[in-house]
Amino acid sequence: MRFKWLDSKALILKSRKELVTSLVAAAAVTAAGFAIGSASLASAQDLSRRPTAAEAAFLKENDAAMTKMMNDMAAKPTGDVDHDFVAMMAPHHRGAIDMSEAELRYGHNEQLIRIAQDIVVEELQEIAAMRAASGEKLTPTEATLAASFAGTAAGLGSSSPVAADNVPPSLKTERPFLAENAAAMTKMMNDMTTRPTGNIDRDFVAMMVPHHQGAIDMAQAELRYGREAQLRRIAQEIIVDQIQQISLMRLAVGEPLSPSVSSPTDPLPQALAGHGSAAEQER
């Protein structure tokens, strides 16, 4: 993976205090969506048995992480797909970081703990890289994270932006992108509504897999509608990373892989195929 956990732990702890929440997100992720989100994990605790103290604390932290994530994604869209992609994906990544840190505090499966460490490092890097691509001012720590991402994501090459057409940002033309993201978040929160198993590590996988799938769906929407080349490249990297991590998490708890996944280290997963921009697909 990009950073070794022990070498970068101090950097990660420092960056937690410096990351700035994105200022704009999709209004299509409506208040109803937030209600689904906050109710989903709470309903998962409606059990015939009482969870252990550790599992209850773990579930509470995850519930808080998802509530914060959905709230941070709840600003008005700008009409600029690339800008709004960053505004939604940054808090979504922050939610995955918070969930992974809960696994590091309460989990026991050594493989999952290593995966959680990788998620924290990689998603901090991707947040910094997205903010850099959007022209936001970075702290020194974020600049280091963004540079480390740029140095390790070169294998995907550059993605081509849509040809410039001088059309100003428009909420009307952004509607398909917003609709896809709203659908992705609704599906994600519904899929995260599972009953706790009594095993924190399995609960982590049960929640993180649909959360990762949500990020994949959002990144695919950016590839279909986004124009900024660097952000499209980051979206490709997100898809690759999240698919690999889903496979590794499932293997760590003995779950079978999807038939469409040949290997958790497959460098070009099928999810990338056919997901260029809408304009590119029409050519």
Could you tell me which non-hydrogen atom of Ile113 sits nearest to which non-hydrogen atom of Gly107, and how far apart they are? CD1-O, 3.8 Å
Short question: side chain of Asp201, backbone of Asn109 - any donor-acceptor pair under 3.5 Å? yes
Closest contact, heavy atoms only, Leu104 versus Ala116: CD2-CB, 3.9 Å
Among Asn62, Thr197, Thr194, exactly one meets side chain to side chain donor-acceptor pair (under 3.5 Å) together with Asp203. Which residue is that? Thr197
Would you check, one step at a time, whether the test side chain to side chain donor-acceptor pair (under 3.5 Å) holds for Gln242 with Glu123? CA-CA 10 Å; Gln242 308 273 296; Glu123 302 212 358; 2.8 Å; yes
Looking at Arg202 and Val253, would you say the former's side chain and the latter's main chain have a donor-acceptor pair under 3.5 Å? yes
Between His108 and Glu103, the two heavy atoms sitting closest are N-OE2, 4.4 Å
Only counting residues at least two apart or in another chain, list the ones meeting side-chain hydrogen bond (donor to acceptor under 3.5 Å, both in side chains) with Gln213. Asp217
Could you tell me the separation between the CG atom of Leu257 and the CD1 atom of Ile246, rounded to the nearest 0.5 Å? 10.5 Å
Minimum heavy-atom distance Ala219-Ile238, with the two atoms named: CB-CG2, 4.2 Å
Gap between atom CD of Glu174 and atom CG of Asp82 - 0.5 Å precision: 9.5 Å
Any side-chain heavy atom of His83 within less than 4.5 Å of one from Glu228? no
Testing the basics here: between Phe204 and Ser100, what is the closest heavy-atom pair and its distance to 0.1 Å? CE1-CA, 4.0 Å
Could you report the tightest heavy-atom contact between Ile127 and Ala90, atom names first, then the distance? CD1-O, 3.7 Å
With a 4.5 Å heavy-atom cut-off, do Glu142 and Glu136 have their side chains touching? no
Residues passing the ring pair (Phe, Tyr, Trp, His ring centres under 6.0 Å) test with His211, sequence neighbours excluded, are His92
Within the structure provided, determine whether Phe85 and Phe177 are in side-chain contact (heavy-atom separation under 4.5 Å). yes
Distance in Å, Ile216 CD1 paired with Ile243 CD1, rounded so as to fall on 0.5 Å steps: 4.5 Å
Let me confirm one number: the CE-CE distance from Met192 to Met66, rounded to the nearest 0.5 Å. 5.0 Å
Rounded to the nearest 0.5 Å, what's the gap from CG on Asp98 to CD1 on Ile119? Could you check? 12.0 Å
Just so I know, are the side chains of Leu248 and Asp118 near enough to count as touching, which here means a heavy-atom distance under 4.5 Å? no
Going by heavy atoms in the side chains, are Met185 and Met218 under 4.5 Å from each other? yes
Hey, does Met207 have a side-chain heavy atom less than 4.5 Å from the side chain of Leu59? yes
